[in-house]
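Start at 1 and go down the list; that is how both ligands and their atoms are numbered. Nothing here was measured: the structure is a model prediction, and the numbers come from that model.
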Amino acid sequence: MKRPKIIAGNWKMYKTIEETIAFVNQLKGLLQKFPCHILIAPPFTSLAAASTAVKGTPFQIGAQNMSGASEGAYTGEISARMLKDAGATFVIIGHSERRAQFFETDEKINEKIKKALAEGLTPLFCIGESEKEREEGRSVAVLTAQLDKGLKGIPLKQLMSLVIAYEPVWAIGTGKAATPSLAEETHRQIRSHLEKSLSPELSNRIPILYGGSVKPDNIGSLLKEPNIDGALVGGASLDPISFQALIEKGFYS
Ligand code: PGA
């Protein structure tokens, strides 16, 4: 089975509504070919404007986080229904910045993935080990524990739309991307775990994106690896020219 190719931009806490619309309009003018799914995750406040701006294009808009609850007295939270109402089709869940800075546990992440799937949003589920964990030879144990806890109790047939992003914490925002061979080896380890813990069919079907200092000059060699199905990009996704370069160098180099 051929897995979908995906390039996703995670804008983090950058861009106002006006800046979002300007980005989308410029990117629309720059891109002629669409060799992959193109996903953009602006801040919550820009979701509705971004969704309107991408109408008629293949771009998809999604959020960077959501609540695991349906609705209620949760000051400051945003529900899956609200995201869909604003035009989101996917949601990033379990990003390492949320795990580290906002104390998101595997259990919370599991709740959120369940809720996203129940509401028909595609979860982009992030996992990744720290530098210390890799140095101590614990990467596989850490990643498989994140996978098992994050996906606990979810019926296999609901996982058809899941996307996984492998983002080593030491590579995010540091300029020190994983080498293509290290990323490929880790993606293979993730896939082989999914084969055992879920099913061979799902392990073949679920796209695994690499994230962490992906730039136009390293994306080509990363995407040549057979188990790397795309990229989740922070810094280099903020500028339309750089975003276009990611797509061109990723698929035409
Ligand atoms: P980066 O961020 O590309 O700036 O390293 C990736 C991410 O956090 O998703």
Show me, pair by pair, the donor-acceptor contacts under 3.5 angstrom made by side chains of residues 23-35, not counting sequence neighbours?
residue	atom	partner	partner atom	Å
Asn25	ND2	Ile21	O	3.4
Lys28	NZ	Ala53	O	2.6
Gln32	NE2	Gly29	O	3.4

Assigning hydrophobic clusters by single linkage (Ile, Leu, Val, Met, Phe, Trp, Tyr; side-chain heavy-atom cutoff under 4.5 Å), is Tyr210 placed with Ile7? yes

Return each pair, listed once, that meets salt bridge (charged side-chain N to carboxylate O under 4.0 Å, His left out) where at least one residue sits in residues 118-129; pairs must be two or more places apart or across chains. Lys84-Glu119, Glu129-Arg134

Step by step, work out the salt bridge (Lys or Arg N to Asp or Glu O under 4.0 Å) result for Lys132 and Glu136. CA-CA 6 Å; Lys132 186 162 179 278; Glu136 292 172 357; 3.2 Å; yes

For Tyr166, which residues count as a ring pair (Phe, Tyr, Trp, His ring centres under 6.0 Å) partner, sequence neighbours excluded? His187

Side chain to side chain contact (heavy atoms under 4.5 Å, CB included) assessment of Glu131 paired with Lys176: CA-CA 11 Å; Glu131 188 155 39; Lys176 287 194 296 178; 3.4 Å; yes

For ligand 1, would you mind listing the residues that have at least one heavy atom less than 4.0 Å away, ordered by chain and number? Asn10, Lys12, His95, Glu167, Ala171, Ile172, Gly173, Gly212, Ser213, Leu232, Val233, Gly234, Gly235

